[in-house]
Amino acid sequence: MDRNFQRALSLVLKHEGGWSDHPADPGGATMKGVTLANFRRFVKPGATKDDLRKITDEQVATVYRRFYWDAVAGAELPGGIDYAVFDFAVNSGPDRAAKYLQGIVGAKQDGKIGPATLKAARGMMRATVINDLCDRRMAFLKGLKTWATFGKGWTSRVSAVRAEALKMAAQPDVEPPVVVEKKVAVDRPIVPVSVDAEVKSKTSLWGWVTGIFGSGGVGLAGLLGADWQTVLAIGGLALVMLVIVILLRRQIIGAVQDIREAVQQ
């Protein structure tokens, strides 16, 4: 997983050391494992050895990620296997490291780690892949002409890589945390101003009708002394208003439902 890049890089740099320009090293001049050729390719075209000596940590990380980690699909390999293949790539080239991994997992050995290789690697025990890869890596190194010069250091390096890779393989690959949206409870719904205006508009008729009946109830007390013609007129008016309410019943109910839906949105 890509979460292992910084950890894997720090482990690689422990073995790469600082400045080196050994005449027996085919890589030529290197600083923290970065060759002059790769420094020119990824950081500063036309750089000199003095420029390479002054390489920054950010520049080192850029070269390692682009030339090695990405080349072996380190971000997609299972934990532990990613580091073992990465260190192999740094020491002996990405193409060779990829082909050795493919040979172990039974994928086509074309040096390009794609979906088929990743699927095969994920289907095997991580410890099995790591141990097999380190064993084959050691066999390859022992066959090099420079074994007599660098053999002791290579043996120590591969042994350390094996141990650290197995530790990483024993840890679960942690996925990014899932962010869960938390709903905030509201005690009382807040009625927007526009909805409130609509409520007043649609309930004006109902308020007018009920207002007449309410005031009529109060006015009846004053009718006790009124003549029968006045009482009859008031009663007729009340009857007419009752008929209006009955006729507008559906409209009133519909208006109330509309208001409820508007408030709940």
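For clarity, every value in this text was computed on a predicted model and none was experimentally measured. Start at 1 with the first residue, then count along the sequence. Worth knowing before you read on, the calculation uses all heavy atoms, side chains too, and leaves out hydrogens, waters and symmetry mates.
For the pair M168 and R7, the minimum side-chain heavy-atom distance is below 4.5 Å. At least one side-chain heavy atom of V63 sits under 4.5 Å from a side-chain heavy atom of V43. Residues L52 and W19 are in side-chain contact: their nearest non-hydrogen atoms beyond the backbone lie under 4.5 Å apart.
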Practice item. Apply the test side-chain contact (heavy atoms from CB on, under 4.5 Å) to residues R126 and L77: give CA-CA distance (whole Å), side-chain angles for both, the deciding distance (0.1 Å), then the verdict. Key: CA-CA 10 Å; R126 300 184 190 189; L77 287 170; over 6 Å; no

Fill in: D95/K99 under side-chain contact (heavy atoms from CB on, under 4.5 Å): CA gap, chis, key distance, verdict
CA-CA 6 Å; D95 186 72; K99 287 181 178 179; 3.3 Å; yes

task = Give the C-alpha distance, both sets of side-chain angles, the deciding distance and a yes or no for side-chain contact (heavy atoms from CB on, under 4.5 Å) between V72 and L101.
result = CA-CA 10 Å; V72 297; L101 173 65; over 6 Å; no

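In this structure, T146 contributes its side chain and T149 its backbone to no donor-acceptor pair below 3.5 Å. In this structure, D132 contributes its side chain and T128 its backbone to no donor-acceptor pair below 3.5 Å. Of the possible polar contacts, one joining the Q59 side chain to the T56 backbone as a donor-acceptor pair under 3.5 Å is found. Between the side chain of S159 and the backbone N or O of S156 there is no donor-acceptor pair closer than 3.5 Å. Counting only distance, with no hydrogens or angles, the side chain of R40 and the backbone of A47 share a donor-acceptor pair below 3.5 Å. A donor-acceptor pair is defined here as one N or O able to donate and one able to accept, closer than 3.5 Å; such a pair exists between the side chain of D82 and the backbone of G80.
Pairing each heavy atom of F5 with each of A61, the nearest pair is CZ-O, 3.8 Å. Here the closest heavy-atom approach between residue R122 and residue P78 is recorded as CG-CG, 3.9 Å. I113 and A73 make their closest contact through CG2-CB, 3.9 Å (heavy atoms, listed as atom of the first residue, atom of the second, distance). Nearest heavy-atom pair across G111 and A98 is O-CB, 3.5 Å. Counting all heavy atoms, side chain and backbone alike, G33 lies closest to E16 at CA-OE1, 3.2 Å. For A84 against A165, the heavy-atom pair with the smallest separation is CB-CB, 4.2 Å.
The distance from atom CD of E58 to atom CD1 of I55, rounded to the nearest 0.5 Å, is 10.0 Å. Between F67 atom CZ and N38 atom CG the span is 4.0 Å, to the nearest 0.5 Å. Here the straight-line distance linking atom CG of D110 with atom CD of Q102 works out to 4.5 Å at 0.5 Å rounding. Rounding to the nearest 0.5 Å gives a distance of 10.5 Å between NZ of K167 and OH of Y83. Separating the OG1 atom in T117 from the NZ atom in K112 is a distance of 11.5 Å, to the nearest 0.5 Å. Rounding to the nearest 0.5 Å places OG1 of T155 at 8.0 Å from CG of L141.
A cation-pi contact, defined as under 6.0 Å to the ring centre and within 45° of the axis, is absent between R96 and F88.
Looking at N4, V105, I130 one by one, the single match for side-chain contact (heavy atoms from CB on, under 4.5 Å) with I81 turns out to be I130. Shown are R162, E164, R137; of these, the side-chain contact (heavy atoms from CB on, under 4.5 Å) with D87 is made only by R137.
Classified by interplanar angle (parallel below 30°, tilted 30° to 60°, perpendicular above 60°), the ring pair F86/Y68 is perpendicular.
Salt-bridge formation is not detected for the pair E76/K119: no Lys NZ or Arg NE/NH1/NH2 atom is positioned less than 4.0 Å from an Asp or Glu carboxylate oxygen. Using a 4.0 Å cut-off between a side-chain N of Lys or Arg and a carboxylate O of Asp or Glu, K32 and D57 qualify as a salt bridge.
For D50, there are no salt bridge (charged side-chain N to carboxylate O under 4.0 Å, His left out) partners, not counting sequence neighbours.
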